[in-house]
Amino acid sequence: MSTAPGAVPLLIACALGIEHLALRTGGDRGGAGGPVTLLRTGMGPQSAERAVTRALASPALGRAAVLATGFCAGLAPGMHPGDLVVAEETRDPHGVTPCVGAGFLVEALVRAAPGRTVHTGPLTGSDHVVRGHERSELLATGAIAVDMESAATLRSAVRAGVRPVAAVRVVVDAPEHELVRIGTVRGGISAFRVLRAVLPAFHEWHRSLLLPRR
């Protein structure tokens, strides 16, 4: 693959082995706007922070754009396993990290995963699995989904240097479809298949970073 002049690398970060497998075996492997690195951080915000900080300390990734991905818990009623979440910003107790190109990602995801619902809004971070009343409390803050690594990943990325960052998650757990209920396996398979399908959208986002900004 030839690299366009001025291209920056792309670091795609996920936490779990099953997420890593979905991305490794997913859609079109080419077509990015530069070199692509897939990083498995391990679960939880501390693991994500350590892994991303270490990766971006490498000269090869010093300017890399960073995209956090994997599974998440939906907070809004009506969300279903396999729905997609594009973060407009990530939040955690340490602050807010704005995301770049959310609208472009939505369009690219619609092409990559036709028929799947794409939600946009704030994505909040947690250090534990969120259940029951905690969902309602987080939804009341305006967040539409929660996961354990995205906020820490993007916060660590921008702390290491100015760069484009984004987060895309696949809903595996939603208010009417909690992981503890029957149907978890079916929901997990659906989310896995969607995550496998969306790698081309990440590459489109990466290429869009080369376009002149208006």
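Quick note: residue numbers are just sequence positions, from 1.
- Arg159 has a carboxylate O that lies under 4.0 Å from a charged side-chain N of Glu49, or vice versa, which qualifies the two as a salt bridge.
- Of all non-hydrogen atoms in Val146 and Gly125, the two that sit nearest each other are CG2-C, 4.2 Å.
- Results of the side-chain contact (heavy atoms from CB on, under 4.5 Å) test with Leu154 over Leu67, Val66, Leu123 single out Val66 as the only residue that passes.
- Annotation: side chain of Val170 is not in contact with side chain of Asp83 (no heavy-atom distance under 4.5 Å).
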>> Assess the residue pair Val168 and Trp205 against the criterion (side chain to side chain contact (heavy atoms under 4.5 Å, CB included)); give the C-alpha distance rounded to whole Å, side-chain angles, the decisive distance to 0.1 Å, and a yes or no.
In response: CA-CA 11 Å; Val168 175; Trp205 176 78; over 6 Å; no

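- For the pair Val171/Cys72, a side-chain contact is recorded, criterion being any heavy-atom separation below 4.5 Å from C-beta on.
- The shortest distance between side-chain heavy atoms of Glu19 and Arg40 does not fall below 4.5 Å.
- Scanning all heavy atoms of the two residues, the minimum distance from Phe71 to Leu195 falls at CE2-CD2, 3.9 Å.
- For the pair Ser156 and Thr53, the minimum side-chain heavy-atom distance is below 4.5 Å.
- Taking a cutoff of 4.0 Å between a charged side-chain nitrogen and a carboxylate oxygen, Arg155 and Asp92 qualify as a salt bridge.
- A salt bridge links Glu204 to Arg111: one of the charged nitrogens lies within less than 4.0 Å of a carboxylate oxygen.
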> Does the pair His203 and Arg207 meet the rule for a side-chain hydrogen bond (donor to acceptor under 3.5 Å, both in side chains), with working shown?
Replying inline: CA-CA 6 Å; His203 290 172; Arg207 290 198 304 273; 5.7 Å; no

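- Between Val194 and Arg116, some side-chain heavy-atom pair lies under the 4.5 Å cut-off.
- For the pairing with Arg163, the side-chain contact (heavy atoms from CB on, under 4.5 Å) check across Leu11, Leu209, Leu56 returns one residue only, Leu56.
- Of all heavy-atom pairs spanning Val165 and Pro98, the tightest one is CG2-O, 3.6 Å.
- Rounding to the nearest 0.5 angstrom, the gap separating the CZ atom in Arg54 from the CG atom in Leu61 is 12.5 Å.
- Taken from CZ in Arg91 to CD in Glu88, the straight-line distance is 9.5 Å, to the nearest 0.5 Å.
- Of all heavy-atom pairs between Val85 and Met79, the closest is CG2-CE, 4.2 Å.
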> Can you list the steps and then say if Thr69 with Arg169 is a side-chain hydrogen bond (donor to acceptor under 3.5 Å, both in side chains)?
Replying inline: CA-CA 5 Å; Thr69 194; Arg169 289 277 170 171; 5.7 Å; no

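- Contact detail for Ala48 and Thr41: the closest heavy-atom pair is CA-CB, 3.8 Å.
- Within the 4.5 Å cutoff, no side-chain heavy atoms of Asp147 are placed close to those of Ser126.
- Under a hydrophobic clustering in which Ile, Leu, Val, Met, Phe, Trp and Tyr are joined whenever their side-chain heavy atoms come within less than 4.5 Å, directly or via other members, Leu23 and Val86 fall into the same cluster.
- In terms of heavy-atom proximity, Val8 sits nearest to Arg63 at CG1-NH1, 3.2 Å.
- In this structure, the separation between CZ on Arg193 and CZ on Arg196 is 9.5 Å, given to the nearest 0.5 Å.
- Leu16 CG to Met148 CE: the interatomic distance, rounded to the nearest 0.5 Å, is 9.0 Å.
- The hydrophobic clustering, which links ILVMFWY residues whose side-chain heavy atoms are closer than 4.5 Å, places Val52 and Ile12 apart.
- In this structure, Leu39 is not a member of the same hydrophobic cluster as Leu10, with clusters built from ILVMFWY side-chain heavy atoms closer than 4.5 Å.
- Here the OG1-CD distance, from Thr124 to Glu137, works out to 12.0 Å after rounding to the nearest 0.5 Å.
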>> Under the criterion side chain to side chain contact (heavy atoms under 4.5 Å, CB included), I'd like the reasoning laid out for His133 against Ser136: C-alpha separation, chi angles, the key distance, then a yes or no.
In response: CA-CA 5 Å; His133 68 89; Ser136 299; 5.6 Å; no

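- Comment: Asp173 engages Arg135 in a salt bridge, judged by a side-chain N to carboxylate O separation of less than 4.0 angstrom.
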Side-chain donor-acceptor pairs of residues 99-110 under 3.5 Å, sequence neighbours excluded:
none

